[in-house]
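A short write-up of the structure that comes next.
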Amino acid sequence: MSHKPLILVTNDDGITAPGIRALVEAVAPLGEVVVVAPDSPQSAMGHAVTISKPLRLDKIRSAIYGKLQAYQCSGTPADCVKLAVSKVLHRKPDLLVSGINHGSNSSINILYSGTMSAAMEGGIEGIQSVGFSLLDFSYDADFTYAKKVARIVSKNILAGGLAPGTLLNVNIPRGPEAEIKGIKVCRQARAKWEEEFDERKDPNGRTYYWLTGKFVNYDKGEDTDEWALKQNFVSVVPVHFDLTAHESIANLNQWNWE
Ligand code: MN
């Protein structure tokens, strides 16, 4: 009898992105790997799910994943996780890894991120889940050190287990490894995007907009992910998806509800 852990790999940059191939290589020695990922880029889709059109799920027959089972899905990262669990694996995997994203998902970016929503969906389904992101948007980014981090984190999860309802948001500075100072467990920095819209005219004279925006960090705390990443540490933020403001319940119970 084999007791190899079952590991589901997904992402939001699409099944052909170098980052997901790096992640597959990172976790392949740790268990049986199945890939279910979007057939096209789905960055910034957040936790969207597809409800008004059919979802396609096709087995990958090209050689890019060798002998591994790999499927591309026409939906979002959250769709991929749902379909993977109910139509491909037919059981909960022991670990879900998402990424390695091309670009940061630190701080408030977690809410917009397809990478982290896939991990979040795993968490909701009761699967131990983690998202990995490299602070480099480039297609040709060097994933060597990020792969190492992904393997270390995944090994720890499989060995010790995460508390129920907790998942991890792991962000990795650009290498080389010699310049990276280590791994820090952090809290999410309080930051936001200040929206800017580039206003243009189409050939018919109608106005259209491109969302640009600037990331602003209001939080100088040295226990935050933004601080750690600035100092060239890997940031590991434990996250839960219960958005209740527990500290406000007592106050709301004092209101006059008549
Ligand atoms: Mn992405």
Side-chain angles (χ1 to χ4, degrees), residues 7-27 33 35-50 55 60 64-65 70-84 95-124 129-147 149-150 153-154 167-175 188-189 191-193 195 210-215 225-226 229 234-237 239 241:
I7 303 172
L8 174 62
V9 182
T10 191
N11 77 342
D12 77 355
D13 295 324
I15 194 153
T16 59
I20 192 171
R21 283 185 272 161
L23 186 52
V24 166
E25 286 168 22
V27 298
V33 171
V35 181
V36 181
D39 63 7
S40 62
Q42 298 284 326
S43 292
M45 288 300 281
H47 213 104
V49 288
T50 303
L55 282 171
I60 299 281
I64 63 167
Y65 286 104
Y71 297 82
Q72 62 176 26
C73 168
S74 60
T76 63
D79 290 328
C80 288
V81 174
K82 288 175 180 291
L83 267 173
L95 174 65
L96 180 155
V97 292
S98 179
I100 301 169
N101 190 57
H102 293 243
S104 170
N105 277 317
S106 59
S107 176
I108 199 68
N109 293 304
I110 189 171
L111 290 184
Y112 305 102
S113 162
T115 304
M116 286 311 301
S117 285
M120 207 81 87
E121 184 61 30
I124 293 167
S129 299
V130 51
F132 298 100
S133 305
L134 177 68
L135 273 63
D136 189 342
F137 282 102
S138 121
Y139 185 85
D140 299 316
D142 180 358
F143 285 95
T144 315
Y145 178 67
K147 266 163 73 172
V149 171
V153 171
S154 300
L167 53 130
L168 299 180
N169 182 14
V170 178
N171 283 270
I172 302 140
R174 296 166 68 146
Q188 178 182 316
K192 72 184 271 281
W193 286 89
E195 311 308 355
W210 275 113
L211 175 60
T212 53
K214 182 166 97 234
F215 184 74
D225 53 359
E226 288 304 318
L229 291 163
V234 174
S235 65
V236 176
V237 177
V239 173
F241 42 82

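One-based numbering, in listed order, for ligands and for the atoms of each. When reading the values below, keep in mind they use all heavy atoms of this one structure, side chains included, and skip hydrogens, waters and symmetry mates.
The side-chain hydrogen bond (donor to acceptor under 3.5 Å, both in side chains) search around S113 returns N105, not counting sequence neighbours. In this structure, F137 has no ring-ring contact (aromatic ring centres under 6.0 Å, His included) partners at least two apart in sequence or on a different chain. Checked against side-chain hydrogen bond (donor to acceptor under 3.5 Å, both in side chains), N11 has no partners two or more places apart in sequence or in another chain.
No close placement of the F241 and H47 rings is indicated, their centers lying 6.0 Å or farther apart.
Between the side chains of S74 and D39, no donor N or O sits under 3.5 Å from an acceptor N or O. Under 3.5 Å, the side chains of S107 and D225 contain no donor-acceptor pair of N or O atoms.
The number of protein N/O/S atoms found under 2.8 Å from the Mn ion (ligand 1) is 4.
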